[in-house]
Amino acid sequence: TDLDGVWPQNYSRAILPYSLLDESLLNGKQNGRKKQKGLLDLDPPPIFDLVIVDEAHAIRNTDTWAHRNVRYFCDNAEAVVLLSATPIQLGNQDLFNLLQLLRPDVITGRGDFDAMAEPNPALNKAIEAARAAKTDWKERVFDHLHEALTTAWGLGVLSNDPKTQQILDLLLDEDESIEARLTTVRLLEKLYTFAPFINRTRRRDIGNFTI
């Protein structure tokens, strides 16, 4: 980029291992009297159409050079995808760090994250109750959904979401079929507040694709 003025076309698709994402890549380094430029020295910075971060759990710590380098790429990309098969605790600092990297326009600070996350434990209980399919599953789902809706995010956002009314209609209906219950589960999963940013693929959903 420094030599050509733009990102070189012969590197239009590039793969970087985490081992290269060190301090010198970001800040440059001194080679005798001459400084080798780093990413932060590039003006203008290279703009990428898409940045794909595999094993994204490896950058959950903001104090690492890997995270700082990836943030540079994400800040200068049209689109970003984070991939990981390693479970991440959904209520802790790790998830906040990754979502803020992915959508800094929405997750602007820890307060935003905590407000968005507050309804999710109750929504998870509602999903579990619907999946368990006990005789009183509708009452259980209703109670947990009500708990989610009484949070600040629930009152301000979820209560105005059309999916919420669809779920309530299903719960008030006398239809006890498997189809109605599974539709309730799907709507609850879509109501999960981080659903617009996170796509979870479970083993049972993949089937024979792994072969």
Side-chain angles (χ1 to χ4, degrees), residues 52-57 60 79-211:
I52 301 173
V53 185
D54 197 13
E55 303 293 343
H57 56 275
R60 64 188 184 274
V80 176
V81 176
L82 306 183
L83 301 172
S84 179
T86 298
I88 295 170
Q89 293 299 316
L90 298 182
N92 69 2
Q93 189 69 24
D94 292 349
L95 182 63
F96 164 71
N97 291 341
L98 292 177
L99 286 181
Q100 217 229 357
L101 186 71
L102 186 71
R103 290 300 303 269
D105 57 323
V106 177
I107 312 293
T108 59
R110 184 68 201 220
D112 292 334
F113 175 84
D114 290 340
M116 286 186 71
E118 190 179 4
N120 290 335
L123 291 174
N124 285 333
K125 290 176 185 176
I127 293 169
E128 290 170 8
R131 288 189 185 279
K134 294 183 179 179
T135 53
D136 61 343
W137 72 268
K138 284 190 174 183
E139 289 82 357
R140 289 171 179 259
V141 170
F142 183 87
D143 289 342
H144 293 311
L145 179 59
H146 180 264
E147 182 185 348
L149 293 177
T150 55
T151 64
W153 192 268
L155 290 169
V157 179
L158 298 184
S159 60
N160 298 312
D161 192 312
K163 293 187 286 293
T164 298
Q165 188 58 54
Q166 289 178 266
I167 295 168
L168 291 173
D169 290 343
L170 285 164
L171 296 176
L172 293 172
D173 194 276
E174 295 182 0
D175 186 359
E176 298 283 347
S177 67
I178 294 176
E179 290 76 14
R181 187 169 56 81
L182 292 179
T183 299
T184 303
V185 170
R186 284 194 292 269
L187 287 169
L188 285 166
E189 289 177 337
K190 290 180 180 179
L191 209 60
Y192 184 79
T193 59
F194 295 133
F197 319 128
I198 300 175
N199 179 42
R200 295 177 64 191
T201 304
R202 301 175 179 86
R203 278 183 206 276
R204 66 170 177 266
D205 299 327
I206 296 173
N208 294 328
F209 177 75
T210 49
I211 297 172

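When reading the values below, keep in mind they use all heavy atoms of this one structure, side chains included, and skip hydrogens, waters and symmetry mates.
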Practice item. Just do the side-chain contact (heavy atoms from CB on, under 4.5 Å) check on Leu168 and Leu145 with the steps written out, would you? Key: CA-CA 9 Å; Leu168 291 173; Leu145 179 59; 3.8 Å; yes
Point to revise | salt bridge (charged side-chain N to carboxylate O under 4.0 Å, His left out): pairs with one or both residues in residues 139-155, sequence neighbours excluded | key: Asp136-Arg140
Exercise for review: Salt-bridge test for Arg131 and Glu189: reply yes if a basic N is under 4.0 Å from a carboxylate O, no otherwise.
Suggested key: yes
**Study point:** Heavy-atom side-chain contact between Ile52 and Leu83 under 4.5 Å
**Key:** yes
Review point. Is it true that a side-chain atom of Thr151 and a backbone atom of Glu118 form a donor plus acceptor pair closer than 3.5 Å?
Key: no
Exercise for review: For the residue pair Phe96 and Phe113, categorise the inter-ring angle as parallel (less than 30°), tilted (30 to 60°) or perpendicular (more than 60°).
Suggested key: perpendicular
Check your understanding: Is a side-chain N or O of Thr193 found less than 3.5 angstrom from the main chain of Met116, in a donor-acceptor match?
Key -> yes
Exercise for review: Using the side-chain contact (heavy atoms from CB on, under 4.5 Å) rule, take Thr184 and Ile127 through it: C-alpha gap first, then chi angles, then the decisive distance, then the call.
Suggested key: CA-CA 8 Å; Thr184 303; Ile127 293 169; over 6 Å; no
Check your understanding: Within a strict 4.5 Å, meaning less than it, do heavy atoms of the Asp54 and Leu82 side chains meet?
Key -> no
**Study point:** Asn120 side-chain N/O to Tyr192 backbone N/O, donor-acceptor pair under 3.5 Å
**Key:** no
Check your understanding: Do Leu191 and Leu158 have side chains that get closer than 4.5 Å, going by heavy atoms?
Key -> yes
Check your understanding: Does Thr108 reach the main-chain N or O of Asp105 with its side chain, forming a donor-acceptor pair under 3.5 Å?
Key -> no
Review point. Mind checking what makes ring-ring contact (aromatic ring centres under 6.0 Å, His included) contact with Phe142, not counting sequence neighbours?
Key: none
**Study point:** Donor on one side chain, acceptor on other, Gln93 and Arg110, under 3.5 Å
**Key:** yes
Check your understanding: Does the side-chain contact (heavy atoms from CB on, under 4.5 Å) test come out yes or no for Val141 and Leu188, once each step is laid out?
Key -> CA-CA 10 Å; Val141 170; Leu188 285 166; 4.0 Å; yes
Point to revise | Side chains of Gln165 and Asp169, donor plus acceptor under 3.5 Å | key: yes
**Study point:** Heavy-atom neighbours of Leu172 CG exceed 12 at 6.0 Å
**Key:** yes
Exercise for review: Return yes if some donor-acceptor pair links the side-chain N/O of Lys138 with the main-chain N/O of Asp173 below 3.5 Å, else return no.
Suggested key: yes
**Study point:** Backbone of Gly156 reached by a side-chain donor or acceptor of Asn160 within 3.5 Å
**Key:** yes
Practice item. Taking side chain to side chain contact (heavy atoms under 4.5 Å, CB included) as the test, write out the residues that go with Thr183, two or more places apart. Key: Leu170, Arg186, Leu187
Review point. For the side chain of Thr86 and the backbone of His57, is there at least one donor-acceptor N/O pair under 3.5 Å apart?
Key: no
Exercise for review: Kindly give the heavy-atom pair with the smallest separation between Ala180 and Asp175, and that separation in Å.
Suggested key: CB-OD2, 3.6 Å
Exercise for review: May I ask you to test the Trp137-Leu171 pair for a side-chain heavy-atom distance under 4.5 Å?
Suggested key: yes
Point to revise | Verdict with supporting geometry, Val53 and Val81, side-chain contact (heavy atoms from CB on, under 4.5 Å) | key: CA-CA 6 Å; Val53 185; Val81 176; over 6 Å; no
